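What follows is a single structure, written as structure tokens, with notes after it.
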Amino acid sequence: MAIITMRQAISDALWEEMERDPKVFIMGQEVGVWGGTYAVTKGFLDHFGEKRVRDTPIAESAIVGAGIGASMVGLRPVSEIMTINFAFVAMDYIVNEAPKMHTMFGGQMSVPLVIRTAGGGGRQLGATHSQTPDAIFAHFPGLKVVSPGTPADAKGLLKAAIRDNDPVLFIEHAAMYQIRGEVPEGDYTTPIGVSKVQREGDAVTIVTYCKGLQLSMAAAEQLSAEGIEVEIVDLRSLRPLDMGPALESFKKTNRAVIVEEGWPSYGVGAEVATRLYEAAFDYADAPIKRVAQKEVPLPYNAALEQFALPQVDDVVAAVKEVL
Amino acid sequence: MAIITMRQAISDALWEEMERDPKVFIMGQEVGVWGGTYAVTKGFLDHFGEKRVRDTPIAESAIVGAGIGASMVGLRPVSEIMTINFAFVAMDYIVNEAPKMHTMFGGQMSVPLVIRTAGGGGRQLGATHSQTPDAIFAHFPGLKVVSPGTPADAKGLLKAAIRDNDPVLFIEHAAMYQIRGEVPEGDYTTPIGVSKVQREGDAVTIVTYCKGLQLSMAAAEQLSAEGIEVEIVDLRSLRPLDMGPALESFKKTNRAVIVEEGWPSYGVGAEVATRLYEAAFDYADAPIKRVAQKEVPLPYNAALEQFALPQVDDVVAAVKEVL
Amino acid sequence: MALKKKDHLELYRQMVLIRRVEERSAELYQAGKIGGFLHLYIGQEAVSTGIVSVRQPQDRIITAYRDHGVALNVGISAKAVIAELLGKETGVSKGRGGSMHMADVEKNFWGGHAIVGAHLPIAAGMALGDQYEGRDGVTICMFGDGATNIGFFHEGVNLSKVWNLPVLWLCENNQYGMGTAVDRASAVEQIHMKAEGYGIPHSRLEDGMDIMKVREAVGAALDHIRSGKGPYFLEVMTYRFQGHSMGDPQRYREKDEVTKWEKSDPIGIYHRYIVGDKIAAKADLDKIEEAVEVEVNEAIEFAEASPDPGFDTLYDYMYASKE
Amino acid sequence: MALKKKDHLELYRQMVLIRRVEERSAELYQAGKIGGFLHLYIGQEAVSTGIVSVRQPQDRIITAYRDHGVALNVGISAKAVIAELLGKETGVSKGRGGSMHMADVEKNFWGGHAIVGAHLPIAAGMALGDQYEGRDGVTICMFGDGATNIGFFHEGVNLSKVWNLPVLWLCENNQYGMGTAVDRASAVEQIHMKAEGYGIPHSRLEDGMDIMKVREAVGAALDHIRSGKGPYFLEVMTYRFQGHSMGDPQRYREKDEVTKWEKSDPIGIYHRYIVGDKIAAKADLDKIEEAVEVEVNEAIEFAEASPDPGFDTLYDYMYASKE
Ligand SMILES: Cc1ncc(C[n+]2csc(CCOP(=O)(O)OP(=O)(O)O)c2C)c(N)n1
Ligand SMILES: Cc1ncc(C[n+]2csc(CCOP(=O)(O)OP(=O)(O)O)c2C)c(N)n1
Ligand SMILES: [Mg+2]
Ligand SMILES: [Mg+2]
């Protein structure tokens with residue numbers, strides 16, 4: 001297993017899928033000449049050419065809309081929305097076109113489209129550019145929502161998304177491209193809609209995903225030093241939402257903390273907590289806690305922004321509270 | 001107190017506010033000549049004229065965007081989005097412009113805008129036109145989200161929304177314009193962000209809003225006939241979310257059911273349930289249940305659509321399950 | 001492509017079939033057997049019939065929710081259309097779609113789309129699919145005058161020119177978007193002038209009530225596009241004789257105006273042409289009308305006798321991927 | 001309005017101030033004292049300086065994220081600008097906004113907006129506000145070439161003509177949207193031709209590097225609009241000498257191209273004009289440059305010494321309504 005960055009893992013997945021299937025192509029702002037704003041598609045234009053690496057106008061609706069159309073007639077587009085904050089501009093396509101086509105026409109059409117985007121805060125981009133609104137997309141049946149926390153999962157899940165016959169929103173984190181991790185050699189896919197235990201423990205169950213996984217892993221280290229071993233379940237997909245491993249863990253630890261980067265209200269933590277209670281009410285020995293962003297649009301100032309974002313210490317504190 | 005329809009109550013609120021304050025005006029598709037697709041603004045154009053009752057192009061982004069601009073410079077626009085399904089078209093404005101202006105510029109600007117819209121299913125409009133995605137809007141701090149369940153509240157809350165200095169998304173239900181209820185005489189407002197007990201009882205707490213209130217009231221009748229008295233708390237606002245009355249009730253009944261029309265995953269029920277557990281874990285005698293829409297885009301066929309929507313019987317069954 | 005007698009009779013038959021299916025549908029709607037929205041195409045039959053009659057099999061068609069005309073023109077049976085209107089399992093979209101969502105992918109008809117303007121970028125994507133694969137099909141995208149004011153229009157049309165996509169932008173200007181006359185919603189009354197902003201060749205057919213003229217204009221446009229010259233923008237003037245949907249109070253136009261236009265009934269015009277030019281005898285046309293009458297009666301019987309989709313099929317078309 | 005010597009010196013001073021503030025900001029960015037995005041205006045100073053110099057106090061200005069120029073032109077102090085860049089409480093947006101979100105409502109400058117094109121409908125709304133209240137101000141809305149491809153542009157510009165709003169659409173065509181050259185993203189290279197699709201009078205100023213020409217063109221446009229003739233569309237050709245934001249690899253253009261354009265440095269052109277026309281002596285300009293140097297030094301000192309916003313202020317500007 002090689003140790004590579006998240007950026008490399010995602011880039012490799014795209015590259016390998018494009019090599020494998022000539023119907024796979026990429027379109028989005030600055031994916032070509034620039035090489036991707038996060039340098040994920042650097043070198044792609046030279047290798048695959050303009051036909052398959054398509055720079056677009058600043059027109060998010062067209063990027064996703066044309067992706068839908070192309071996918072309906074047999075291609076496998078990867079439509080890139082530079083950041084998830086601009087996904088609102090294409091909202092109708094993401095939640096009201098792509099996920100409806102298959103069912104609304106009685107199964108006649110399908111939308112094998114991947115919408116790649118990057119979310120998250122902590123980069124001093126201000127209120128409109130720093131969001132983690134993943135939960136709102138996961139509200140819509142018909143759309144699959146994936147958000148990996150490790151390079152290995154990013155690669156395997158992106159490949160699975162490209163091969164999937166349904167629309168998949170693939171959410172990366174703009175501040176995680178540099179993180180490193182072991183990635184299996186060769187071609188593999190990671191199934192969409194399957195959660196994974198990323199760390200074993202018996203004291204408390206942490207359920208999380210994406211950036212929350214990093215925070216949780218760091219918190220786990222600190223807690224371990226104090227003799228507290230947490231179990232960490234990485235959801236990886238928000239829809240379909242696989243509660244299996246989280247439930248199993250919760251039945252063992254009887255305590256849970258949910259860690260997400262976005263706002264808590266109507267967020268991921270609410271759904272996960274509710275499902276844990278629904279399925280394992282009798283196992284709960286303490287109220288499940290949510291660790292999330294403070295309920296404000298993120299400010300530009302670095303310190304204030306960090307103050308508003310969930311931190312490792314918040315995870316540590318939450319674990320201790322439920323103990 | 002007069003008994004009037006929801007349509008009348010909303011129409012009266014708009015009319016009275018326009019009479020009261022010349023800065024209040026309406027813009028949206030078919031609000032003028034047509035008189036409103038749901039006939040809410042019938043007669044307005046003749047009375048207030050084209051300046052204040054403005055038909056717009058089919059351009060939801062401009063309807064909300066221009067509303068934001070006009071509100072920033074001192075007017076009090078009511079921007080109408082024909083149905084909440086088209087709110088996705090204006091999503092950037094609703095969640096990423098209006099709610100950010102005040103904080104992002106350090107308090108220099110404000111957006112006293114009301115975005116009126118109608119949601120809900122059950123009218124055989126198919127997958128793209130039948131949604132109740134209220135929760136996703138309530139995810140965003142800076143936006144207020146209101147959704148009344150009675151004519152009295154509709155009138156009072158709409159007036160409060162128009163007088164509010166912040167952006168308010170006001171969600172009506174397209175299948176509720178005909179319902180009737182008592183409405184106080186004269187000018188009054190109903191505070192945004194305050195829940196209300198709509199029915200008293202001791203067996204189970206039902207937390208709901210909008211159409212869910214109707215279902216819950218009907219279920220309460222049935223249950224009462226069997227000697228089960230439920231308490232019904234109407235949230236009325238999804239953000240700010242006032243949990244006070246629901247909590248108080250839950251501490252009394254120790255059992256709760258949450259009724260909403262939208263999809264359960266990442267919906268209103270999840271947030272409410274989680275907050276109940278967070279604040280009153282020790283009071284819970286049974287797992288809180290959610291009654292909501294089945295997780296599919298709504299089909300056109302009437303019977304299938306109703307099958308997918310939450311029904312009075314579902315509420316009755318859920319109450320009995322938690323008992 | 002000079003038309004033979006039998007071709008004329010077939011086109012005449014299609015126009016009459018559309019008319020008759022819709023008249024009967026209006027009755028079925030009044031009788032409560034059709035729900036949701038029902039947007040009649042009556043008055044506009046020459047447009048879709050003309051278009052479909054000159055397209056090649058490889059040319060895709062996609063349109064808005066006013067789609068019964070295209071549906072019948074491409075050869076979906078009256079049975080499958082009416083069954084869809086009745087929400088039956090035997091409907092062309094299996095009762096999921098209803099009036100607004102008819103499609104038959106086998107016949108290269110891609111729907112029936114209800115979000116105004118949203119299908120334009122999707123159409124661009126389909127055209128991209130054909131261009132990408134080196135196929136010589138043209139995507140014919142039909143939309144209303146009102147749809148040209150939404151952002152989706154702009155993004156889709158711009159992209160089509162930037163990428164030189166084989167797409168025919170076909171605006172059916174029926175002079176109103178719901179109750180809003182063109183000049184009250186669009187900065188330019190000559191909708192085709194919008195193409196100037198995209199450097200796309202364009203023209204307006206002033207008489208869209210005459211199928212022969214529609215055929216000519218569309219044929220020329222398709223030739224232009226098929227020769228590799230990129231997109232073309234064609235505006236066709238027409239008029240809808242009925243309200244926007246059922247239950248439209250039609251406060252926005254005078255009865256006189258409708259009466260005047262009814263004199264240009266496209267079926268009447270074609271009838272006069274066929275008989276006047278001695279292409280066929282009145283008796284031939286009478287026979288067609290009688291046959292259509294029988295066909296529609298049978299279709300209604302078929303539809304009424306058809307089963308509703310079973311509740312067990314609710315999730316059948318949730319995902320195209322089979323796990 | 002012939003300019004006096006002191007007016008010329010003031011305009012020259014503003015251009016030098018913008019240049020110097022931005023050069024120093026780039027250093028502060030490299031030093032890690034500024035975070036997020038930093039979009040420099042260097043090369044384009046003649047545009048904003050020319051515009052602001054001919055506007056009346058009642059004319060509003062709104063622009064995109066490349067906003068330091070306008071901010072300084074309208075009279076926001078270098079202190080408040082740099083403090084904002086450093087995220088300080090003394091910044092013009094109290095450290096909440098950062099580089100992309102400067103505004104000073106008192107000075108009729110309405111920001112600094114980071115979602116491409118989203119401020120166009122907002123600008124239309126502001127112009128509506130003035131029209132509604134019978135004020136004679138013009139809203140000047142500046143945006144980039146890239147922004148003209150997004151749907152918001154279309155909806156905002158169309159609305160402005162339909163309602164005959166007093167707005168100046170001012171496209172700063174700096175020939176790239178990030179790394180995408182105009183002709184790779186826009187169907188028309190002459191951006192002002194887009195106005196044809198809205199029936200709005202338009203023109204292009206080929207030389208936007210010469211402030212005198214900018215003044216003339218903008219002045220004429222403002223006169224046109226103020227006389228009640230509705231919106232005007234002005235395209236101004238310019239060039240940005242730096243990357244799109246900090247850290248732009250600039251793979252999309254040749255060094256030569258930049259070098260060529262640097263010969264048309266707007267400050268150099270104005271310098272030659274002033275000295276050549278003997279409006280003032282080189283020594284006068286030297287003195288200004290020195291004074292600016294001092295001012296910027298002081299501003300940086302001020303900003304660095306200023307406090308961060310306190311954590312207790314996080315929720316200060318959440319709502320404009322005070323409960
Ligand atoms: C985004 C969006 N906004 C509003 C509507 C509601 N609506 C349905 S049809 C229609 C009018 C469309 O007019 P036009 O494009 O001229 O087509 P026509 O109905 O005349 O065929 C409107 C406003 C919608 N379906 N989608
Ligand atoms: C809706 C949206 N999409 C994408 C972006 C990312 N983005 C920021 S600036 C920019 C380029 C804009 O180009 P242009 O309008 O020409 O302005 P310039 O930067 O040249 O001044 C892009 C794509 C954004 N901020 N908003
Ligand atoms: Mg129309
Ligand atoms: Mg530019």
Side-chain angles (χ1 to χ4, degrees), chain A residues 22-23 25 27 50-52 54-77 79 89-90 92-93 96-113 141-144 160-161 163-168 191-193 240, chain C residues 60 62 84 89 91-98 100-106 110-115 117-133 135 137 139 150-152 154-160 162-163 165 309 313-323:
Chain A
K23 293 191 191 301
F25 72 99
M27 62 174 146
E50 286 212 331
K51 179 179 160 193
R52 300 185 64 200
R54 308 181 76 97
D55 280 326
T56 65
I58 306 169
E60 280 77 7
S61 287
I63 294 168
V64 183
I68 292 172
S71 76
M72 282 162 70
V73 302
L75 297 184
R76 299 242 157 212
S79 286
V89 181
D92 179 65
Y93 290 94
N96 211 19
E97 307 290 338
K100 310 296 201 268
M101 291 295 170
H102 187 65
T103 178
M104 194 164 66
F105 294 104
Q108 292 188 68
M109 302 174 194
S110 60
V111 179
L113 168 71
L143 182 69
K144 296 179 179 174
R163 298 180 198 182
D164 200 280
N165 289 328
D166 295 298
V168 180
I192 292 172
Chain C
R60 305 176 193 282
I62 181 168
E84 188 60 36
E89 184 68 40
V92 67
S93 297
K94 300 206 162 61
R96 269 71 181 169
M100 305 199 286
H101 304 111
M102 310 226 175
D104 190 333
V105 166
E106 302 275 291
W110 295 84
H113 295 269
I115 299 297
H119 64 294
L120 277 77
I122 293 173
M126 293 180 163
L128 171 61
D130 288 330
Q131 184 193 62
Y132 189 102
E133 299 282 29
R135 295 183 293 244
T139 296
I150 201 164
F152 301 148
H154 183 64
E155 297 193 9
V157 176
N158 182 61
L159 195 71
S160 77
V162 172
W163 288 350
L165 300 174
T313 69
L314 183 64
Y315 298 95
D316 272 10
Y317 308 106
M318 265 300 294
Y319 291 120
S321 321
K322 301 289 163 241
E323 266 86 341

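The structure displayed is predicted, hence computed values, not measured ones. All chains are named by letter (A, B, ...) in the order of the sequence lines, taking the proteins before the strands, and each is independently numbered beginning at 1.
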**Asked** A/Thr103 side chain to C/Met318 main-chain N or O, any donor-acceptor pair under 3.5 Å?
**Response** no
**Complete:** Looking only at C/Leu128, C/Ile62, C/Leu165, the option with the highest number of non-hydrogen pairs under 4.5 Å against chain A is C/Leu128
**Asked** side chain to side chain donor-acceptor pair (under 3.5 Å): which pairs involve residues 65-74 of chain A, sequence neighbours left out?
**Response** none
**C/Gly112 versus A/Phe105, closest heavy-atom pair with distance** = O-CZ, 3.1 Å
**Request:** With a 4.5 angstrom heavy-atom cut-off, could you sort out which part of A/Pro167 is near chain C: side chain, backbone, both or neither?
**Result:** neither
**Gap separating the CG atom of C/Asn158 from the CD1 atom of A/Ile58, nearest 0.5 angstrom** = 11.0 Å
**Item:** Which portion of C/Asp104 sits near chain A, non-hydrogen atoms under 4.5 angstrom
**Value:** both
**Message:** If you count heavy-atom pairs within less than 4.5 Å of chain A, which of C/Glu89, C/Glu84, C/His154, C/Arg60 leads?
**Reply:** C/Arg60
**Request:** Side chain from CB out, backbone as N, CA, C, O: work out which of these in A/Lys23 comes under 4.5 Å of a heavy atom of chain C, or both, or neither.
**Result:** both
**Fill in**
One option among C/Ala320, C/Ala118, C/Gly129 has the most heavy-atom pairs under 4.5 Å with chain A, and it is C/Ala320
**Item:** C/Trp163 versus A/Met27, closest heavy-atom pair with distance
**Value:** CH2-SD, 3.7 Å
**Prompt:** Can you list the residues that meet the salt bridge (Lys or Arg N to Asp or Glu O under 4.0 Å) rule with A/Asp55, with sequence neighbours excluded?
**Reply:** D/Arg184
**Request:** Test C/Tyr319 against A/Asp164 for side chain to side chain contact (heavy atoms under 4.5 Å, CB included), laying out the working first.
**Result:** CA-CA 10 Å; C/Tyr319 291 120; A/Asp164 200 280; over 6 Å; no
**Message:** Angle between ring planes, C/Tyr132 versus A/Phe25, binned at 30° and 60°: parallel, tilted or perpendicular?
**Reply:** tilted
**Message:** If we define contacts as heavy-atom pairs under 4.5 Å, which of A/Gly67, A/Gly107, A/Ser61 has the most with chain C?
**Reply:** A/Ser61
**Request:** Write down the atom of C/Ile122, the atom of A/Met101, and the distance for their closest heavy-atom approach.
**Result:** CD1-CE, 3.7 Å
**Prompt:** In terms of heavy-atom proximity below 4.5 Å to chain A, should C/Ala123 be classed as side chain, backbone, both, or neither?
**Reply:** neither
**Request:** Return the option, out of A/Ile68, A/Val73, A/Ile63, with the maximum number of heavy-atom pairs under 4.5 Å with chain C.
**Result:** A/Val73
**Complete:** Interatomic distance, CD@A/Glu60 vs CD@C/Glu155, rounded to 0.5 Å, equals 7.0 Å
**Message:** Using only atom types and a distance under 3.5 Å, with no angle test, would you say the side chain of A/Asp166 pairs donor to acceptor with the backbone of C/Ser321?
**Reply:** yes
**Item:** C/Glu133 side chain near A/Leu75 side chain, heavy-atom distance below 4.5 Å
**Value:** yes
**Asked** So do A/Asp92 and C/Phe152 actually touch side chain to side chain, heavy atoms under 4.5 Å?
**Response** yes
**Request:** Go through the atoms of C/Met102 and report whether side chain, backbone, both or neither lie under 4.5 Å from a heavy atom of chain A.
**Result:** backbone
**Distance, nearest 0.5 Å, that separates CE of A/Met109 from NE2 of C/His101** = 10.0 Å
**Request:** Would you confirm whether A/Gln108, through its side chain, and C/Val92, through its main-chain N or O, come within 3.5 Å as a donor-acceptor pair?
**Result:** yes
**Asked** Based on non-hydrogen pairs under 4.5 Å, which of A/Ser110, A/Gly193, A/Gly142 is most in contact with chain C?
**Response** A/Gly142
